[in-house]
*Asks:* 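Let me begin by handing over the structure; questions about it come next.
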Amino acid sequence: MPHFAIKALPFTTRISQGGRNIIAQDQARASNFLAGLHPHGPAAFHKRHRAHWHTHDHQSAEGREAATGVASAAAGADGSVDVTDAAVTYTMSVGVGSPATDYTLLIDTGSSNTWIGANTPYNPTSTSTDTRKTVNVSYGSGSFSGTEYTDQVTLGPGLVIQNQSIGVASQAQGFTDVDGILGIGPVDLTSTTVSGASSVPTVTDNLLQQGTIPVESIGISYIPTTSTTDAANGELTFGGTDPSKFTGEISYTPITSTSPASQYWGIDQTITYGTDGTTILNLTAGIVDTGTTLLLLATDAFQAYQSATGAQPDSATGLLTVTESQFNEMQSLFFQIGDQTLELTPNAQIWPRSLNSSLGGEDGKIYLITADLGSNSGSGLDFIDGFGFLQRFYSVFDTTNSRVGFATTEFTDATTN
């Protein structure tokens, strides 16, 4: 049974939010997570659906076929469709119905409902069924409400899902550049979102149940954004991993037991700064989230980071900024996650300078991607490793085994910014 890679193809970057809006949207999303609005997560899924499929704790770039029992997805193989970098998030084109209408959807590990209709209207076809149930989801940074349908959903060649639950928005706020969301979190995150249903199957849940993929996991490869011109920029692999996209080994860590981070893709990590190991954040829980743009740290950790770097708030963008001489003296952030240490280099800590104008910033100025979460540590969700962080590593979201994995890539140490 093969896994399927959703390959990157050329894109045109779309970003008009501005720095302050990006921070506000990320912080609003964080507040939503902190409120624990979803009462379940991957750990709850794992308790009810004990995995019959197991792998070793570490997975190297070689021999992945033997570990997963599936074939590697080669470039150009079936299952290759657009994964688009919109500079602050990733989106992909998803077909709904037969014949399919294509919708541009935000790829979101922080939610699990798939919905459409924020911009492109929904066109029911012979595969569409109106369940007459209402659906409502709030993301903090946006929301939608509407009606649930079941329909055929096409993620790519070979990745066709029958009778997938989708929300069709009658109202949507905060989604001006996309048609909706492809929710790839665990199934329990749909709890209470659809009237008369305790939960609804997600796209990955259905891919597993319908026998398309052998395990409910997604491998994600992102490439650092550096330009508004066309570029190859990312890949999703459903049901396995793509060894060509990472170096060394994938190291896995279990979902944290600390609430509310445990209700999402939550992990435990320690963050230090520099070779002398200045503590930024002691061992604590937070989440990994593709739908958050920045690296968010609890207020006290953010202040420690600001002190360590000498950065100052920028009046125009709201982001931290450093001078060229300060940047030359900056050191790496080290993330201890399980038995693995991930290094976020100084270059990886800054916003791409070629995209400064999209922030409302100045050409040539250096802005940092770390921002204030909005609450002090000890809340049970003290960091969000967002899009900016994930661009430098390969990540795996494994619902079946209730864990998150990371590996280095050729872009981990890149000096692209």
Side-chain angles (χ1 to χ4, degrees), residues 11-30 85-90 141 176-177 222-231 233 271 273-274 278 280-281 291-299 301-335 343-374 383-393 411-417:
F11 73 96
T12 299
T13 299
R14 303 184 312 277
I15 172 172
S16 57
Q17 289 95 329
R20 290 193 178 278
N21 285 337
I22 291 172
I23 294 171
Q25 290 172 4
D26 278 1
Q27 288 179 335
R29 186 175 173 89
D85 182 348
V88 295
T89 54
Y90 268 81
S141 56
T176 56
D177 293 329
Y222 288 154
I223 295 174
T225 304
T226 57
S227 172
T228 59
T229 59
D230 292 350
N233 50 82
I271 305 176
Y273 178 82
T278 299
I280 299 298
L281 193 60
T292 297
T293 299
L294 303 171
L295 169 64
L296 297 186
L297 301 179
T299 299
F302 174 74
Q303 291 171 345
Y305 174 74
Q306 183 178 352
S307 176
T309 59
Q312 295 297 317
D314 178 65
S315 59
T317 66
L319 292 170
L320 292 179
T321 184
V322 292
T323 64
E324 190 71 39
S325 60
Q326 286 175 318
F327 175 65
N328 291 335
E329 297 298 321
M330 276 182 62
Q331 299 189 58
S332 295
L333 283 170
F334 295 93
F335 297 72
E343 180 179 359
L344 194 69
T345 65
N347 187 269
Q349 295 173 47
I350 71 173
W351 183 267
R353 279 177 270 195
S354 60
L355 299 179
N356 279 358
S357 60
S358 64
L359 293 172
E362 299 176 22
D363 290 343
K365 203 165 185 178
I366 302 174
Y367 301 98
L368 306 184
I369 64 167
T370 300
D372 189 349
L373 181 71
F383 62 84
I384 299 180
D385 294 341
F387 174 80
F389 173 89
L390 291 171
Q391 285 186 314
R392 296 297 179 129
F393 305 102
F411 300 102
T412 297
D413 299 324
T415 56
T416 58
N417 293 336

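Remember, predicted model here, so these are calculated numbers, not experimental data.
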*Asks:* Holding to side chain to side chain donor-acceptor pair (under 3.5 Å), I want the full list of residues that pass it with S332, two or more places apart in sequence or in another chain.
*Replies:*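 Counting only residues at least two positions away or on another chain, S332 forms a side chain to side chain donor-acceptor pair (under 3.5 Å) with E343.
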*Asks:* Just so I know, are the side chains of D385 and T292 near enough to count as touching, which here means a heavy-atom distance under 4.5 Å?
*Replies:* no
*Asks:* So how far is it from I22 CD1 to S358 OG, rounded to the nearest 0.5 Å?
*Replies:*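 Spacing of CD1 (I22) from OG (S358) equals 6.5 Å.
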*Asks:* By the definition side-chain contact (heavy atoms from CB on, under 4.5 Å), identify the one residue from D372, I384, I271 that meets it with L297.
*Replies:*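 Going through D372, I384, I271 one by one, the side-chain contact (heavy atoms from CB on, under 4.5 Å) with L297 is satisfied by I271 alone.
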*Asks:* Side chain to side chain donor-acceptor pair (under 3.5 Å) with D26: which residues, sequence neighbours excluded?
*Replies:* none
*Asks:* Are L294 and I23 side-chain neighbours, meaning at least one heavy-atom pair lies under 4.5 Å?
*Replies:* yes
*Asks:* Find the distance between CG (L359) and NZ (K365) and round it off to the nearest 0.5 Å.
*Replies:* 11.5 Å
*Asks:* Just say parallel, tilted or perpendicular for the rings of Y273 and Y305, cut-offs at 30° and 60°.
*Replies:*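 Rings of Y273 and Y305: perpendicular, over 60°.
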*Asks:* Any side-chain heavy atom of Q306 sitting closer than 4.5 Å to one from P313?
*Replies:*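 Counting from C-beta outward, Q306 and P313 do come under 4.5 Å.
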*Asks:* Is Y367 close to I350 at the side-chain level, that is, under 4.5 Å between some pair of heavy atoms?
*Replies:* no
*Asks:* Is there a donor in the side chain of D314 and an acceptor in the side chain of T317, or the other way round, less than 3.5 Å apart?
*Replies:*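 Checked: D314/T317 side chains pair up, N/O donor to acceptor below 3.5 Å.
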*Asks:* Can you give me the closest heavy-atom contact between N356 and G364, atom names plus distance?
*Replies:* ND2-N, 3.8 Å
*Asks:* Can you name the residues that form a side chain to side chain donor-acceptor pair (under 3.5 Å) with Q303, not counting sequence neighbours?
*Replies:* none
*Asks:* Hey, which of I369, T345, L355, N347 is the one that makes side-chain contact (heavy atoms from CB on, under 4.5 Å) with N417?
*Replies:*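 It is N347, the one option of I369, T345, L355, N347 that forms the side-chain contact (heavy atoms from CB on, under 4.5 Å) with N417.
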*Asks:* Are L281 and F383 packed together at the side-chain level, in the sense that at least one heavy-atom pair is separated by less than 4.5 angstrom?
*Replies:* yes
*Asks:* Tell me, do E324 and I366 make a side-chain contact under 4.5 Å, heavy atoms counted?
*Replies:* yes
*Asks:* Looking at residues at least two apart in the chain, or sitting in another chain, which of them share a side chain to side chain donor-acceptor pair (under 3.5 Å) with Q326?
*Replies:* T323
*Asks:* Quick one: list whatever passes side-chain contact (heavy atoms from CB on, under 4.5 Å) with L344, sequence neighbours left out.
*Replies:*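 By the side-chain contact (heavy atoms from CB on, under 4.5 Å) rule, L344 matches L295, L333, F335, A348, Q349, F389, R392, F393.
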*Asks:* Please tell me if the side chains of L368 and W351 come closer than 4.5 Å, counting only heavy atoms from C-beta onward.
*Replies:*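 Counting from C-beta outward, L368 and W351 never come under 4.5 Å.
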*Asks:* Roughly how far, to the nearest 0.5 Å, is the CZ atom of F327 from the OG1 atom of T309?
*Replies:*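 It is 12.0 Å, given to the nearest 0.5 Å.
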*Asks:* Apply salt bridge (charged side-chain N to carboxylate O under 4.0 Å, His left out) to R29 and list each qualifying residue two or more places apart in sequence or on a separate chain.
*Replies:* D108, D289
*Asks:* Got a second to check how far T299's OG1 is from L296's CG, nearest 0.5 Å?
*Replies:* 10.0 Å
